[in-house]
There are 2 protein chains.
Amino acid sequence: MTGLKISEVAEKSNVNIETVRYYEKRQLIPEPPRTRAGYRIFSLEDVDRIKFIKRSQELGFTLNEIKQLISISDDKTQVNSEEVLQYSVQKIDEIEAQIKDLEKIKKTLQDLTVQCSGSRSSDGRCPIITSLTGGDR
Amino acid sequence: MTGLKISEVAEKSNVNIETVRYYEKRQLIPEPPRTRAGYRIFSLEDVDRIKFIKRSQELGFTLNEIKQLISISDDKTQVNSEEVLQYSVQKIDEIEAQIKDLEKIKKTLQDLTVQCSGSRSSDGRCPIITSLTGGDR
DNA sequence: ATCCTCCCTGTACTTAGGTACAAAGTCAAG
DNA sequence: CTTGACTTTGTACCTAAGTACAGGGAGGAT
């Protein structure tokens with residue numbers, strides 16, 4: 001037969017062996033059949049699914065979200081397109097919010113470093129510190 | 001005397017009581033003196049320090065980095081200004097890198113959703129799914 | 001004296017996504 | 001028929017930054 005052992009599926013999908021078992025436990029991949037001795041037998045579809053998981057993670061989806069995504073895509077009710085779309089649009093919004101937060105933080109830090117470079121306090125202490133310390137009291 | 005109890009210092013600095021004890025354990029605040037009965041006695045400086053920690057966290061510093069920041073600012077060698085500045089510049093770079101990553105992810109997701117809205121596959125499955133599944137094999 | 005609220009310590013639990021390890025069983029080659 | 005590489009399970013550990021809780025002591029008001 002053409003089944004793959006766990007080390008083979010792990011190598012082909014570029015993850016750790018333990019990760020494969022972990023995904024099985026989290027129900028992100030189906031329970032594979034076993035040999036008489038209890039060894040897991042995987043298929044190339046399992047490799048695809050693990051790659052799907054990894055690509056989705058890179059796009060910012062959590063494992064729970066990916067599980068949803070998988071169940072939607074396994075669901076053959078023709079309307080799943082909308083659901084996946086909705087999911088992605090929501091994720092885009094979240095990413096945009098994150099970016100905005102980071103921009104704001106960056107601006108604050110930049111302002112502080114400009115102050116710090118320009119005007120040294122007389123005691124030699126960085127204005128970043130004093131500004132953070134006494135800030136809003 | 002004018003010392004603060006742990007619940008008072010927690011309230012004044014807007015953190016949980018447990019967080020105060022946690023910061024003490026992590027050595028982010030100095031070990032406070034105790035009453036005969038073992039109650040911690042805090043000062044207003046402790047409140048300031050906790051606020052400093054919280055503000056720094058908002059700017060993306062980890063507790064370990066904040067510990068460094070504190071030790072630099074406690075250090076009276078006149079050159080600490082440079083060190084803090086360096087730290088902040090590095091943090092700005094990290095934040096910029098994060099923003100770039102997120103922009104890239106956002107673009108990928110946006111491209112996928114455009115495809116998804118425009119062209120439905122004949123089987124009614126969202127192109128996002130098929131693109132993620134078969135991606136780079 | 002009793003009650004309620006606060007405080008103490010130490011330990012375990014949380015989220016997310018894994019990684020590591022021990023003890024035991026299996027498979028194939030030499 | 002033994003050796004070495006592989007697999008199995010279960011459990012514990014990791015980071016980060018806390019939160020929760022159990023069991024006991026303390027302080028002050030009634």
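Predicted model, so just to flag it, every value in this text is computed and none were measured. A note on names: the letters A, B, ... follow the listed sequences, proteins ahead of strands, and every chain is numbered from 1. Hydrogens, waters and symmetry mates are skipped; everything else that's a heavy atom, side chains included, is used.
Two end axes, each from the C1' atoms of five base pairs, can be drawn for the helix from C/dA1-D/dT30 to C/dG30-D/dC1; they diverge by 30°, to 10 degrees.
Remark: A/Gln57 CD is packed, more than 12 non-hydrogen atoms of other residues, nucleotides or ligands lying under 6.0 Å away.
With sequence neighbours excluded, no residue satisfies side-chain contact (heavy atoms from CB on, under 4.5 Å) with B/Lys104. Residues passing the salt bridge (charged side-chain N to carboxylate O under 4.0 Å, His left out) test with B/Arg21 are B/Glu18, sequence neighbours excluded. Taking B/Glu8 as the reference, B/Leu4, B/Lys5 meet the side-chain contact (heavy atoms from CB on, under 4.5 Å) condition, with sequence neighbours excluded. A/Lys91 pairs by the salt bridge (charged side-chain N to carboxylate O under 4.0 Å, His left out) definition with A/Glu65, A/Glu94, not counting sequence neighbours. With sequence neighbours left out, the salt bridge (charged side-chain N to carboxylate O under 4.0 Å, His left out) criterion links A/Lys67 to no other residue. Listed by chain and residue number, nothing satisfies the side-chain contact (heavy atoms from CB on, under 4.5 Å) test with B/Lys100 (two or more places apart in sequence, or in another chain). Under the salt bridge (charged side-chain N to carboxylate O under 4.0 Å, His left out) criterion, B/Asp101 pairs with no residue, sequence neighbours left out.
Note that the first and last nucleotides of DNA chain C, 5' to 3', having any atom under 4.0 angstrom from a heavy atom of chain A are C/dG17 to C/dC27.
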Do any N or O atoms of the protein come closer than 3.5 Å to N or O atoms of nucleotides 19-24 of chain D, and which pairs are they?
residue: D/dT19; atom: OP2; partner: B/Thr19; partner atom: OG1; Å: 2.5

Could you list all N or O pairs between the protein and nucleotides 2-5 of chain D that sit under 3.5 Å apart?
none

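DNA chain D lies under 4.0 Å from no heavy atom of any residue of residues 93-104 of chain A.
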